[in-house]
Asker: 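Sharing a structure here in structure tokens format.
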Number of protein chains: 2
Amino acid sequence: MGDFLKDCLYFTTNRLSRVITKMADEEFATTGFSPMYGYLLLLVIRDPGSTQKKLADQLDIAPSTLTRFIEKLEGKGLVNRTAQGKSVLVYPTENGKALEEEIRMASKRLHNRYEQILGKETAGFLSKELVRSSDQLEE
Amino acid sequence: MGDFLKDCLYFTTNRLSRVITKMADEEFATTGFSPMYGYLLLLVIRDPGSTQKKLADQLDIAPSTLTRFIEKLEGKGLVNRTAQGKSVLVYPTENGKALEEEIRMASKRLHNRYEQILGKETAGFLSKELVRSSDQLEE
DNA sequence: TATATTTAGTTGTACATACAAATGAATCGA
DNA sequence: TCGATTCATTTGTATGTACAACTAAATATA
């Protein structure tokens, strides 16, 4: 009995995920796309010529998901793809690079917003715990 | 620079969410539906005649999402809906009630699985922190 | 070298979830 | 009591995400 929901990591994690995704969507609204795309673009800018596999690993998403993200960014003219054997290398376009500052600012706003509510300490600690747990659960 | 991803609560939360959702889907596979439906059915069994609003609040999902979930459970013959003024009351059917044990076992398996990896203490602590943070971020 | 296996990416499809707009019931203020 | 507002739900539509099946390239094995 009691509350089986509050005890279930599946539920509690997904709940926070919904809450913070909403927040992130709001702060990233000025960029014209959602936070995952923003972070993906930052990765591509930081490391031009990354393979899709590498990007998917860094973001910890399925390859098919990454394909879809890259397609969309390419459609918006923010990245280019060039096939290289069985791999695909991804590069930012000038338009893509021009967005870096905007994305970093959105990211900063998001951080400030949740840190102001949770406390900088707590937020940092929580992130670290989440990374650690994800790492462990993925073996 | 450094790793902006590991520091971002949006990203770290969503990552854990993907990891644990996969795990939960595996453990709930025997029930024939996904974990959220299982928990929803448990809520309805525990409190027959709940309004959809109440259920959506307990699960912390949008009302429209709840409508969709209930539709699906109704389609599988696990719950009934009766309109009551502007509200809708939800009741479990016999078939629905018959699934309670199965769902509880799936939930138990999920708990055991992640507790074995993270440690019971850590898992419990993490859940509590996530609830607290979600509560705070939602005001 | 020829075949088998592995690896990277894409495509079709499905699902959880949300928001905005619409509907219909209940309540409140004049 | 009537019109305005609020509230619960539904519906249309969109998005992030995954898996399974497929293709094509690379590597390993015989």
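Each chain gets a letter, A, B and so on, in the order its sequence line appears, and its residues count up from 1.
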Asker: Which pairs, protein N/O on one side and nucleotides 21-23 of chain C N/O on the other, fall under 3.5 Å?
Answerer:
none

Asker: Whether B:Lys72 contacts C:dA16 is assessed here as follows: a side-chain N or O lying under 4.0 Å from the phosphate OP1 or OP2. Is that the case?
Answerer: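 Yes.
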
Asker: What I want to find out is whether A:Asp7 reaches B:Lys128 closely enough, with some N-O distance under 4.0 Å, to be called a salt bridge.
Answerer: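 Salt bridge flag = no for B:Lys128 with A:Asp7.
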
Asker: Are B:Phe11 and A:Leu137 joined in one hydrophobic group, where the rule is that I, L, V, M, F, W and Y side chains link up if heavy atoms are under 4.5 Å apart?
Answerer: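 Same cluster: B:Phe11 reaches A:Leu137 through Ile, Leu, Val, Met, Phe, Trp or Tyr contacts under 4.5 Å.
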
Asker: Rounded to the nearest Å, what distance is computed from the CG atom of residue B:Leu55 to the P atom of nucleotide C:dA16?
Answerer: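 Whole-Å distance recorded here is 17 Å.
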
Asker: Charged N to carboxylate O under 4.0 angstrom, A:Arg132 versus A:Glu129?
Answerer: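 Salt bridge present between A:Arg132 and A:Glu129.
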
Asker: What is the separation between atom CD1 on B:Ile20 and atom C1' on C:dA16, rounded to the nearest whole Å?
Answerer: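 These atoms are roughly 17 Å apart.
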
Asker: Could you tell me the separation between the CG atom of B:Leu66 and the C1' atom of C:dT17, rounded to a whole number of Å?
Answerer: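 Atom CG in B:Leu66 sits about 12 Å away from atom C1' in C:dT17.
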
Asker: From the options A:Phe33, A:Tyr39, A:Tyr37, select the one residue that forms a ring pair (Phe, Tyr, Trp, His ring centres under 6.0 Å) with A:Phe69.
Answerer: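 Among A:Phe33, A:Tyr39, A:Tyr37, the one meeting ring pair (Phe, Tyr, Trp, His ring centres under 6.0 Å) with A:Phe69 is A:Tyr37.
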
Asker: Please determine if a side-chain N or O atom of A:Ser64 lies less than 4.0 Å away from the OP1 or OP2 oxygen of C:dG9.
Answerer: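 No.
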
Asker: Could you tell me the separation between the CG atom of B:Asn14 and the C1' atom of D:dA18, rounded to a whole number of Å?
Answerer: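 Answer to the nearest Å: 14 Å.
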
Asker: Between A:Glu27 and A:Lys22 (salt bridge meaning N to carboxylate O under 4.0 Å), is one present in this structure?
Answerer: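 Answer for the salt bridge query: no.
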
Asker: I want to check one thing: is the phosphate of D:dG16, taken as OP1 and OP2, less than 4.0 Å away from some side-chain N or O of A:Ser34?
Answerer: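 For D:dG16, OP1 or OP2 has a side-chain N or O of A:Ser34 closer than 4.0 Å.
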
Asker: Are the side chain of A:Thr12 and the backbone of A:Cys8 linked by a donor-acceptor contact shorter than 3.5 Å?
Answerer: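 The answer is yes, because a donor-acceptor pair under 3.5 Å joins these two groups.
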
Asker: B:Arg68 has an atom CZ; how far is it from atom P of D:dA14, in whole Å?
Answerer: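 Result: 13 Å.
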
Asker: Which of the following nucleotides, C:dA18, D:dG16, D:dA18, is nearest to the side chain of A:Tyr37?
Answerer: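 Of C:dA18, D:dG16, D:dA18, D:dG16 is nearest to the side chain of A:Tyr37.
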
Asker: Using a strict threshold of under 4.0 Å (side-chain N to carboxylate O), is an ion pair present between A:Asp135 and B:Lys6?
Answerer: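 Salt bridge between B:Lys6 and A:Asp135, a charged N being under 4.0 Å from a carboxylate O: no.
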
Asker: Take atom CG of A:Leu59 and atom P of D:dG16, then tell me their distance rounded to the nearest Å.
Answerer: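 After rounding, the reported distance stands at 13 Å.
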
Asker: Are A:Ile45 and A:Leu66 connected into the same hydrophobic cluster when the rule is that any two of I, L, V, M, F, W, Y join if their side-chain heavy atoms are below 4.5 Å apart?
Answerer: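 Yes.
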
Asker: State whether B:Lys22 places a side-chain N or O below 4.0 Å from either non-bridging phosphate oxygen (OP1 or OP2) of D:dC19.
Answerer: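 Yes, within the criterion.
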
Asker: Taking only N/O atoms, report every protein-nucleotides 3-9 of chain D pair under 3.5 Å with atom names and distance.
Answerer:
residue	atom	partner	partner atom	Å
D:dC7	O4'	B:Lys86	NZ	3.4
D:dT9	OP1	B:Gln52	N	3.1
D:dT9	OP1	B:Val88	N	2.9
D:dT9	OP1	B:Val88	O	3.4
D:dT9	OP2	B:Lys53	N	2.4

Asker: Mind calculating the distance between CD (B:Gln84) and P (C:dA25) to the nearest angstrom?
Answerer: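 It is 13 Å, rounded to the nearest whole Å.
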
Asker: Starting from C1' on C:dT17, measure out to OH on A:Tyr10 and report it in whole angstrom.
Answerer: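 Between C1' of C:dT17 and OH of A:Tyr10: 11 Å.
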
Asker: Can any side-chain N or O of B:His111 pair as donor or acceptor with the backbone N or O of B:Ala106 at less than 3.5 Å?
Answerer: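 The answer is no, because no donor-acceptor pair under 3.5 Å joins these two groups.
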
Asker: Tell me which nucleotide among D:dT11, D:dG16, C:dA18 gets nearest to the side chain of B:Glu71.
Answerer: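 Of the candidates, D:dT11 comes closest.
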
